[in-house]
Amino acid sequence: MKYWLMKSEPDSFSIDDLARKPKQTQHWDGVRNYQARNMMRDEMKSGDLVFFYHSSCKQPAIVGIAEVCREAYPDFTANDPENKYYDPKNDPDKPRWYMVDIRLVRKLARDISLAELKQYGELADMPLLARANRLSIMPVSKTNWQFILKLENKPV
DNA sequence: GCCAACGTTGGC
DNA sequence: GCCAACGTTGGC
């Protein structure tokens, strides 16, 4: 089983939005970056766990845990000219973009902010902390996953 | 709102 | 195939 981190802008889709979805499940549409797509298409498996991360907001932070509940399938929003993620170059018969479904496992007891994560040398190898990392999906090592979970119940 | 980083596009 | 221009991401 693998661990991941997925970014979402809370203004467009927050952890609470996920919690309100039927079955607390959402298809992860709109990924238009090949590296992120490859990870979803080739490596994400049902049961993999995901840190849900709020980006481009007042306090960027890991806010919850989700699990992959459906493995990669074509991202239908790429075929819909009305959709903001429409890709005119996409051939529906040879889909270029993929998505997975994720289901909320739980919100964290407290948000663990990017600023806090940066304080720990143990996490220095996280791609999230690399300078100007723009990937919306990235792997998390088991070691880092467990380290971050321990922070959850640590007094701030 | 600024700016650094970096992916994509398109002319040559 | 190179590379400049442009667009997007995302922290601050």
Side-chain angles (χ1 to χ4, degrees), chain A residues 2-21 26-44 48-68 72-102 104-141 143-145 147-152 154 156:
Chain A
K2 291 199 173 82
Y3 300 94
W4 306 94
L5 180 142
M6 295 168 93
K7 294 180 183 174
S8 187
E9 299 188 19
D11 288 345
S12 42
F13 191 78
S14 72
I15 189 88
D16 292 317
D17 293 325
L18 179 61
R20 281 191 289 267
K21 285 279 167 184
Q26 170 70 4
H27 55 269
W28 208 254
D29 60 7
V31 172
R32 296 292 179 269
N33 169 284
Y34 289 104
Q35 247 185 295
R37 179 211 59 187
N38 291 348
M39 285 189 271
M40 280 201 297
R41 190 191 56 190
D42 305 334
E43 295 186 58
M44 292 184 101
D48 282 3
L49 291 175
V50 176
F51 277 140
F52 194 104
Y53 177 87
H54 282 170
S55 68
S56 294
C57 57
K58 202 168 177 186
Q59 182 181 255
I62 295 171
V63 295
I65 298 174
E67 111 182 272
V68 177
Y73 59 105
D75 181 342
F76 52 81
T77 64
N79 305 322
D80 174 8
E82 302 294 309
N83 193 283
K84 69 185 269 205
Y85 297 121
Y86 176 56
D87 178 2
K89 292 183 192 161
N90 184 59
D91 174 356
D93 294 326
K94 289 171 75 179
R96 174 187 301 206
W97 304 115
Y98 284 79
M99 59 188 175
V100 298
D101 288 358
I102 65 166
L104 180 67
V105 173
R106 63 182 179 87
K107 288 175 72 170
L108 292 187
R110 66 182 186 88
D111 296 354
I112 300 174
S113 71
L114 178 64
E116 180 176 353
L117 295 173
K118 282 181 175 170
Q119 293 171 16
Y120 296 99
E122 292 91 331
L123 300 175
D125 60 343
M126 275 191 93
L128 179 69
L129 303 186
R131 205 145 141 256
N133 192 304
R134 294 157 58 218
L135 263 188
S136 61
I137 299 176
M138 53 190 97
V140 177
S141 71
T143 311
N144 286 347
W145 179 275
F147 184 88
I148 292 166
L149 273 189
K150 272 187 227 157
L151 296 178
E152 184 186 10
K154 197 176 159 189
V156 198

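Residue numbers start from 1 in every chain, and the chains themselves are labelled A, B, ... in the order their sequence lines are given, proteins ahead of strands. Since the structure is predicted, the reported quantities are computational estimates derived from the model, not experimental observations.
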*Would you mind reading off the distance between A:Asn33 atom CG and C:dT8 atom C1', rounded to a whole angstrom?*
11 Å
*May I have the distance from A:Asn133 (atom CG) to B:dC6 (atom C1'), rounded to whole angstrom?*
10 Å
*Might you work through the side chain to side chain contact (heavy atoms under 4.5 Å, CB included) test for A:Asp17 and A:Gln26, ending with a clear yes or no?*
CA-CA 9 Å; A:Asp17 293 325; A:Gln26 170 70 4; over 6 Å; no
*Between C1' of C:dG11 and NE2 of A:His54, the distance in whole Å*: 16 Å
*Which nucleotide in the list B:dT9, C:dC12, B:dG7 gets nearest to the side chain of A:Arg134?*
B:dG7
_Main chain of A:Gly64, side chain of A:Arg106: is a donor-acceptor contact present, judged purely on distance under 3.5 Å?_
no
*Figure out the CD1/P separation between A:Ile137 and C:dT9, and round it to whole Å.*
13 Å
*For A:Lys58, answer base if it contacts any base atom (sugar-phosphate contacts may also be present), sugar-phosphate if it contacts only those atoms, and nothing otherwise; contact means non-hydrogen atoms under 4.0 Å.*
nothing
_So if I take every side-chain heavy atom of A:Leu114 and compare against C:dG11, B:dT9, B:dG7, which nucleotide ends up nearest?_
C:dG11
*Between B:dT8, B:dT9, C:dG11, spot the one nearest the side chain of A:Tyr34, thanks.*
B:dT8
_Rounded distance (Å) that lies between atom P of C:dG10 and atom CD of A:Glu9_ = 7 Å
*Only one of A:Phe76, A:Tyr73, A:Tyr98, A:Tyr85 passes ring-ring contact (aromatic ring centres under 6.0 Å, His included) with A:His27; say which it is.*
A:Phe76
_Gap between atoms CG and P, on A:Leu117 and C:dG10 respectively (whole Å)_ = 16 Å
*Under 4.0 Å: is that the gap between some side-chain N or O of A:Lys7 and OP1 or OP2 of C:dG10?*
yes
*Find the distance A:Gln59:CD to C:dC12:P and express it as a whole number of Å.*
11 Å
*May I ask you to evaluate whether A:Tyr53 reaches the phosphate of C:dG11, defined as a side-chain N or O under 4.0 Å from OP1 or OP2?*
yes
*What is the ring orientation for A:Phe51 with A:Trp145, classed by angle as parallel under 30°, tilted 30 to 60°, or perpendicular over 60°?*
parallel
*Would you call A:Glu122 and A:Lys150 a salt bridge, taking side-chain N to carboxylate O under 4.0 Å as the test?*
no
_d(CG, A:Leu128; C1', C:dT9) in whole Å_ = 13 Å
*Which nucleotide in the list B:dG7, B:dA5, C:dG11 gets nearest to the side chain of A:Arg131?*
B:dA5
